[in-house]
Amino acid sequence: IVGGALVVMVLERLGAEALAEKLGAAAGFASIVTWWLWAVAGATRRAGFRPSLPSAGAVLKLSLTVALCCLLATFVSVLLRQALSLPRLGLVEAPTRSARSLTFAVFVMGLLAPVAEEMLFRGALFRKWRLSIGPAKAAVVTSVLFGLGHANVPSTMLFALSMAVLYTTTRTIWAPVAAHVMNNLFAVMLSHSGRLLPLPVLEAMADWRLQVAFLVPGLGAILWLVRFLRRGWHTLGDPVDGVPASATPSLNPATATAR
């Protein structure tokens, strides 16, 4: 985060505000990913913990299902908010498409940002806090913090809770990372649909009857997510990434090696 802020400050001094936004965000997210891979995952590996994981196919299938259901749930939330003229909840405003190119959106918002967010909120904060305040409280607190950092708090909190349960159900951080990346890429493609889709398709998508029709699968997706959370809630205290719930490897490399 500090590295990204420094990049922004230097580029803004040089008068390159647009480039500062892009490179600053990329540097900030990249620094989080680098820290997690070195400090958290590295300490886990050096401590001798080895995860016992389900098959890669099962993990990807579940991650894709959760990502699609979360996307449909977000669509329902946005549609209801617009229909009821409710204010947008969140500490962060939604970014305008004109400020960011499609390439930047795909690389940073679609790939780099979800990896960094999962490693920070689920791979570090949730995994650490569930030892001090309990698994359920850790999942709720990190989900609230995650939601407040986005433009639409209710649907984002549901998404964050789903990512926490997906993490503990599959026992690997790469499951929520995959789901988050797929969800963000879908959202990026939809937000840039004006550039990617022909005009007849866009006109059909704007038809209120088609949008109402999406309420049916959207509500079904919400029910599926609620069932998924209920069935997986008891796993929040289970070992993840090979680490037992009662022990977390030290982030100090020397201590981790000694253990």
Which of these passes ring pair (Phe, Tyr, Trp, His ring centres under 6.0 Å) with Phe121: Phe126, Tyr167, Phe146? Phe146
Once rounded to the nearest 0.5 Å, what's the spacing between atom CG of Leu72 and atom CG of Leu68? 6.5 Å
Report, one line per pair, each donor and acceptor closer than 3.5 Å where one atom sits in a side chain of residues 176-187; sequence neighbours left out.
{"residue": "His180", "atom": "ND1", "partner": "Glu118", "partner atom": "OE2", "Å": "2.6"}
{"residue": "His180", "atom": "NE2", "partner": "Glu117", "partner atom": "OE1", "Å": "3.2"}
{"residue": "Asn184", "atom": "ND2", "partner": "Met109", "partner atom": "O", "Å": "2.8"}

Roughly how far apart are Trp129 CH2 and Ser132 OG, rounded to 0.5 Å? 8.0 Å
Atom CZ in Arg127, atom CG in Leu125: separation rounded to 0.5 Å? 11.0 Å
Apply the test side-chain contact (heavy atoms from CB on, under 4.5 Å) to residues Val240 and Ile173: give CA-CA distance (whole Å), side-chain angles for both, the deciding distance (0.1 Å), then the verdict. CA-CA 8 Å; Val240 289; Ile173 190 62; over 6 Å; no
Would the distance check show the side chain of Ser162 and the main-chain N or O of Leu158 forming a donor-acceptor pair, the cut-off being under 3.5 Å? yes
Atom OG1 of Thr168 and atom CZ of Arg130: how far apart are they, to the nearest 0.5 Å? 7.5 Å
I need the Phe159 CZ to Leu71 CG distance, nearest 0.5 Å. 9.5 Å
Closest non-hydrogen atom pair, Ala139 against Leu236: CB-CD1, 4.0 Å
Please check if Phe75 and Val216 belong to a single hydrophobic cluster, counting links between Ile, Leu, Val, Met, Phe, Trp and Tyr side chain heavy atoms closer than 4.5 Å. no
Give the table of side-chain donor-acceptor pairs shorter than 3.5 Å for residues 221-233, with sequence neighbours excluded, one pair per line with atom names and distance.
none

Note: Ala164 and Arg122 closest approach over all heavy atoms is CA-CG, 3.9 Å
Should Met157 and Val140 count as side-chain neighbours, where that means a heavy-atom distance under 4.5 Å? no
Side chain of Ser63, backbone of Ala175: donor and acceptor closer than 3.5 Å? yes
Distance from Ile133 atom CD1 to Thr142 atom OG1, nearest 0.5 Å? 8.0 Å
